[in-house]
Amino acid sequence: MADPRNIPDGAPSDFPFDLPAASPRPGGIAARAAALARPDGAGHARGVYLDGLNPEQRAAVEATDGPVLVLAGAGTGKTRVLTTRIAHILSLGLAWPSQILAVTFTNKAAREMKERIGAMVGEEVEGMPWLGTFHSIGVRMLRRHSELVGLKSGFTILDTDDQIRLLKQLLQAEGIDEKRWPARLLANIIDGWKNRGLGPQQVPAGEGSAFANGRGGAFYAAYQARLKALNAVDFGDLLLESIRLLRENPDVLAEYHRRFRYILVDEYQDTNVAQYLWLRLLAAGSRNVCCVGDDDQSIYGWRGAEVDNILRFETDFPGATVVRLERNYRSTGHILGAAAHLIAHNAGRLGKTLFSEGESGEKVTVTGAWDSQEEARAIGEEIEQLQRQGHALTQIAILVRASFQMREFEERFVTLGLNYRVIGGPRFYERAEIRDALAYLRVIASPSDDLAFERIVNVPKRGLGDAALRQIHDHARAAQIPLIEAARELVASEELKPKVRLTLRDLVASFDRWRGQMTSLPQNELAEIVLDESGYTEMWQKDRSADAQGRLDNLKELVRSMEQFENLIGFLEHISLVMDVEGAAGGDAVNIMTLHSAKGLEFDTVFLPGWEEGVFPNQRALDEQGRAGLEEERRLAYVGLTRARRRAKVFFASNRRIHGMWQSAVPSRFLDELSEKDVEVTESRGGQGWGGGQSGRYGYGPSRFDEAQTFGSSYSTPGWQRAQNAARSNSGGGGFSGGSFSDNRPSRFAASEKARGGRVIEGELIAKSTGPASRFAIGDRVFHQKFGYGEVASVEGNKLTVQFDKAGEKKVVDSFVDAA
DNA sequence: GAGAGTCGGCTTTTT
DNA sequence: GCCGACTCTC
């Protein structure tokens, strides 16, 4: 092959793409990369970017021909390999920047990759138009060839919220009971099919009947038809329709084959079937596909990721080079040892053993606490101590399995006055006020966006309720026009009530006016005018609820963030794909986040609370996914441990409040899967030790919690507090101590019988004997205004469980019933 | 159409 | 125990 770059970008006949400025301008990325390769190039020796790579990394970078799988363990320099590989390809002149397809999962990863490549070869990275997320690249393809998949250019991208509202309408139209068959469930099922690359026609018959008595498949088809009618796609379609585009149009596929000389995929273990199919189609061209990933860090199976994709790579791409990166640059020896021992309990992995050349460092600590409050207290104290020793709070993270665990820490840190930052949670663009504001803008930008129109037609309340909306809907359906056009026609007619007619006339006129200003005003000024004139801002100003001010601030932030875009359309396109907003850096603060959102991050000190059966591994994962679920939970534990550079500190509590109920818990089996030589069992600094779990035996299974001790809601009564104080003061007797190592129970974290018995019984007795005594006793006949006559089945404080003659068993507060 | 009251659900999360 | 969705009433 001659110079592979002999098809210059922008050559009109060969590449019918609207190519960005990627031709070899003097300052372009390719020119800079090429300069790197020349001995005299800007002072760089040839291949200077290769310096400092270890032999495996270098092999992964230099294996440019054919399929390559890089198995990159945690902390082994995965991103560095990816970015260096791109720099290498560019500097050898193997491809232009626009001939490299580089895919990531998140916008954040794409951004980081751009920055790092930019730092390596020069600042200009716009030269890599095909570096992005699966979805953004899918959109790019679909926008170019929209007519080939039955869309008009300028189609809208619906997010989950829109998706569910659309499905709700479909279900309602068919008279489906939404209690039994929620739209959300259908959305999940459809997403599942799309994740697997299945269109409505390809859904296996049996599965299609899973929803609403055999109508799942039909609803899927109807939903897709609705999307087409709205000229819209959902996130799943971005891939599914791209696949269809490539499959049904060999000429288009051939063009992409010629274009993409090199394909790189990040986090390959997280790809789903659809992404895999898409990738295979594209990779069939050059066959130069390089996937980087770690099967041990696959934690997104529940949303369609197929670990199998990475496990099967060598079969899928015959002749693949496999490079293992096992040299860890992040964690100390003990942390790696503990993590490696844990993950070795998983079957079905490709098998890597991380090693480090650094020191072994501190052992991983395992600490038991009496309950989740004490767990938070102990962690708070350790953090304060680290802080006193001069450690930065930003280098400390608390990684939880589920977000309900966060609150305990937040409360504790507020009392301590310790700065913290919760990462994750509801994102900026998901907030109601932001979505409302965006809906206004969407209607302005594309009048046929019915979902957006519906969202704000009566927000703020302007008297256009259900009845009015139904009229508009009916007319729109009959005339086959968008809602806002239907509204316009109705206003011109005599159909509406006078008051409704006036309001609707004003609203339609407002939209016309705003649309007229779209070209003359910058989009942020327009947004401000729209929010003002529509009464939306005023609605929140009048609102006296606590978060109203926060919402107004968010709206301001939204308007401010619009400045940096070229126009309204550009802004809307951006936010439909990039639902995150640059996180405010904030000062020195402890990071609190879920294990899932911690993937890819690292901290000096990592606290891992809540290692209890049922919480972690999560009970539902076990119930629903069985062994596969357990293994994914274990990978999650592995991810958690390997986030730590110097200190990993695991905690478990014997009692935890879940859904408002106190439940005693068994220490997680994962604790016993940590290698003993790397672990140190410490006592909680709170001092009261822990009460232990049920049996200390490994009879794990779904029934484990059936006999779990549960306490009533009287936990905060003086009696309960006395019980806790009592527990605190006699920690010597029942507390956890190294002593339980010497008994020959299967688990070294199992409770001593003594500790367990004393605590639990005490708590139970006190909990039952306190609280406001009810006027009623078991067996009493009572009367309730709503439920009628019944018999008291149980009494918990002032709460009664009553077996009503007609209404069945209900829980009621005793002030609502009278003696019969 | 607003406000109060009731009921059910409740892992992880990106695009 | 808390939150959101829905219903009921005025």
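Chain identifiers are assigned alphabetically (A, B, ...) following the order of the sequence lines, protein sequences preceding nucleic acid strands; residue numbering begins at 1 within each chain. These values consider heavy atoms only, across backbone and side chains, with no hydrogens, waters or symmetry-generated copies.
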Exercise. According to the interplanar angle, ranging from 0 to 90°, do the rings of A:F571 and A:F565 count as parallel (below 30°), tilted (30 to 60°) or perpendicular (above 60°)?
Worked result: perpendicular
For this session: Calculate the interatomic distance between A:R165 atom CZ and C:dA5 atom P; express it in whole Å.
Result: 12 Å
Exercise. Between A:L608 and A:W611, is any pair of side-chain heavy atoms under 4.5 Å apart?
Worked result: yes
Problem set entry | Partner set under side-chain contact (heavy atoms from CB on, under 4.5 Å) for A:A439, not counting sequence neighbours | A:A452, A:R455, A:I456
Exercise. What pairs with A:E267 under salt bridge (charged side-chain N to carboxylate O under 4.0 Å, His left out), at least two apart in sequence or on another chain?
Worked result: A:K78, A:K599
Problem set entry | Atom pair distance, as rounded to whole Å: CH2 in A:W662 and P in C:dC2 | 13 Å
Exercise. Just checking A:E267: base, sugar-phosphate only, or nothing, at a heavy-atom cut-off of under 4.0 Å?
Worked result: nothing
For this session: Please determine, for the side chain of A:K168, which listed nucleotide (C:dG1, C:dC6, B:dT13) has the closest atom?
Result: C:dC6
Exercise. Hey, does the side chain of A:N107 come within less than 4.0 Å of B:dT15's phosphate (OP1/OP2), counting only N and O?
Worked result: yes
For this session: Using whole Å, report how far CZ of A:R656 lies from P of C:dG1.
Result: 16 Å
Seminar exercise, completed: Distance col, row A:E631:CD vs A:D296:CG, nearest 0.5 angstrom, shows 10.0 Å
Problem set entry | Heavy-atom side-chain contact between A:Y638 and A:F670 under 4.5 Å | no
For this session: Take A:G463 and A:L238, find for each the nucleotide of DNA chain B with the closest heavy atom, and name the residue whose nucleotide sits nearer the 5' end.
Result: A:G463
For this session: Would you classify A:I137 as touching base, sugar-phosphate or nothing, given that sugar-phosphate means primed atoms plus P, OP1 and OP2, and contacts are heavy atoms under 4.0 Å?
Result: nothing
Problem set entry | Residue met sooner reading DNA chain B from 5', once A:R462 and A:A621 are mapped to nucleotides | A:R462
Problem set entry | Spacing of A:I299 atom CD1 relative to B:dT13 atom P, expressed in whole Å | 9 Å
Exercise. What nucleotide among B:dG1, B:dT13, B:dC10 has an atom nearest to a side-chain atom of A:R303?
Worked result: B:dT13
For this session: Specify whether A:W540 and A:Y536 have parallel, tilted or perpendicular ring planes, treating 30° as the upper limit for parallel and 60° as the lower limit for perpendicular.
Result: perpendicular
Exercise. Should A:R656 and A:E375 count as an ion pair when the cut-off is N to O under 4.0 Å?
Worked result: yes
Exercise. Residues two or more places apart in sequence or in another chain: which of them pass side-chain contact (heavy atoms from CB on, under 4.5 Å) with A:L277?
Worked result: A:I243, A:R247, A:V273
Problem set entry | Between B:dG9 (C1') and A:I658 (CD1): distance, integer Å | 15 Å
For this session: Write down the distance between CD1 (A:I164) and C1' (B:dT13), rounded to a whole number of angstrom.
Result: 13 Å
Exercise. Which residue pairs pass the side-chain hydrogen bond (donor to acceptor under 3.5 Å, both in side chains) test with at least one member in residues 182-194 of chain A, sequence neighbours excluded?
Worked result: A:Q163-A:D191, A:W193-A:E207, A:K194-A:Q224, A:K194-A:D234, A:K194-A:D237
Problem set entry | Length of the CZ-P vector between A:R431 and C:dG4, whole Å | 13 Å
Exercise. How many Å lie between CH2 on A:W302 and C1' on B:dT12, as a whole number?
Worked result: 4 Å
Problem set entry | A:T106, nearest nucleotide to its side chain (from B:dA2, C:dG1, B:dT15) | B:dT15
For this session: Could you identify which residues of residues 594-603 of chain A place a heavy atom less than 4.0 Å from some atom of DNA chain B, listed by residue number, or say none?
Result: A:T594, A:H596, A:S597
Problem set entry | Neighbours of DNA chain B within residues 399-412 of chain A, by heavy-atom distance under 4.0 Å | A:R401, A:A402, A:S403
